[in-house]
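Here's the structure we're looking at; comments come further down.
Given the structure is predicted, the values throughout are model-derived calculations rather than measurements. All ligand and atom numbering here is 1-based and tracks the order in the structure. Note: hydrogens, waters and symmetry copies are ignored here, and every other heavy atom, side chains too, is used.
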Amino acid sequence: MDSDKTIIIGSDHAAFELKEKIKDYLFQKGYVVEDAGTDSQESVNYVDYGKKVAGAVADGKFKKGILLCGSGLGMSMVANRFKGVRAALCSDVFSAKMSRLHNDSNIIVLGGRIVGDILAFELVDTWLCTPFEGGRHQDRISSIDA
Ligand code: RB5
């Protein structure tokens, strides 16, 4: 399987429903989606799921990941602690696009209590289909980890 068509996803309870909908959406588009949980709307700690997804991206097991929690804030904070992870919290299409073009974001974070289903699909689509521009932006993102 083309590694560009595989992705890892995780959420807490607050965004469980949206995670399931995004999984279905990506399956229909031919993606293989690894679900790191959670598996229900029972209250959990978002940190556990953020660590699973961000860890898998940081380790190179997956090139890209999707994280969701209620606001997206907690998941962003967790994911960006991992070296090599560039997690972008997006609720507008311009940011989703720019996070790929200029920042080479490798995790998109969505707030399940902020974005609706259709916007979430559009954000994910835009993010997955937009390439990194490289060039001067490569030097800039390299200096994040340096
Ligand atoms: C859960 O209530 C909520 O705090 C969580 O989903 C997230 O928004 C944290 O940042």
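Distances below 4.0 Å separate heavy atoms of Gly70 from the following atoms of ligand 1: 5 (C), 6 (O), 7 (C), 8 (O). Within ligand 1, the atoms closer than 4.0 Å to a non-hydrogen atom of Cys69 are 6 (O), 7 (C), 8 (O), 9 (C), 10 (O), numbered from 1 in the order shown. Within ligand 1, counting atoms from 1 as listed, the ones closer than 4.0 Å to a heavy atom of Ala14 are 6 (O). Those atoms of ligand 1 that come under 4.0 Å of a heavy atom in Asp12, given as number and element, are 1 (C), 5 (C), 6 (O).
The protein heavy-atom contact nearest to atom 10 (O) of ligand 1 is Gly74 N, 2.9 Å. Protein heavy atom at the shortest distance from atom 8 (O) of ligand 1 is Ser71 N, 2.9 Å. Nearest protein neighbour of atom 9 (C) of ligand 1, counting heavy atoms only, is Tyr46 CE2, 3.6 Å.
Contact annotation: the side chain of Thr130 never approaches that of Met98 to less than 4.5 Å [non-hydrogen atoms, C-beta and beyond].
Hydrophobic clustering (side-chain heavy atoms under 4.5 Å, transitive across Ile, Leu, Val, Met, Phe, Trp, Tyr) keeps Met75 apart from Phe16. No single ILVMFWY cluster, assembled from side-chain heavy atoms under 4.5 Å apart, contains both Leu26 and Phe62.
For the pair Arg113 and ligand 1, a heavy-atom separation below 4.0 Å is found.
The existence of a salt bridge linking Asp117 and Lys21 is confirmed by a sub-4.0 Å separation between a basic side-chain nitrogen and an acidic carboxylate oxygen. Salt-bridge annotation for Lys64 and Asp4: absent, with no side-chain N of the basic residue lying under 4.0 Å from a carboxylate O of the acidic one.
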Checklist entry - Yes or no on side-chain contact (heavy atoms from CB on, under 4.5 Å) for Ile66 and Ile107, after CA distance, side-chain angles and deciding distance? => result CA-CA 5 Å; Ile66 300 174; Ile107 294 183; over 6 Å; no

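For the 3.5 Å distance criterion, the side chains of Asp92 and Ser95 qualify, holding a donor opposite an acceptor.
Under the 4.0 Å distance rule, the nearest protein heavy atom to atom 4 (O) of ligand 1 falls outside the cut-off.
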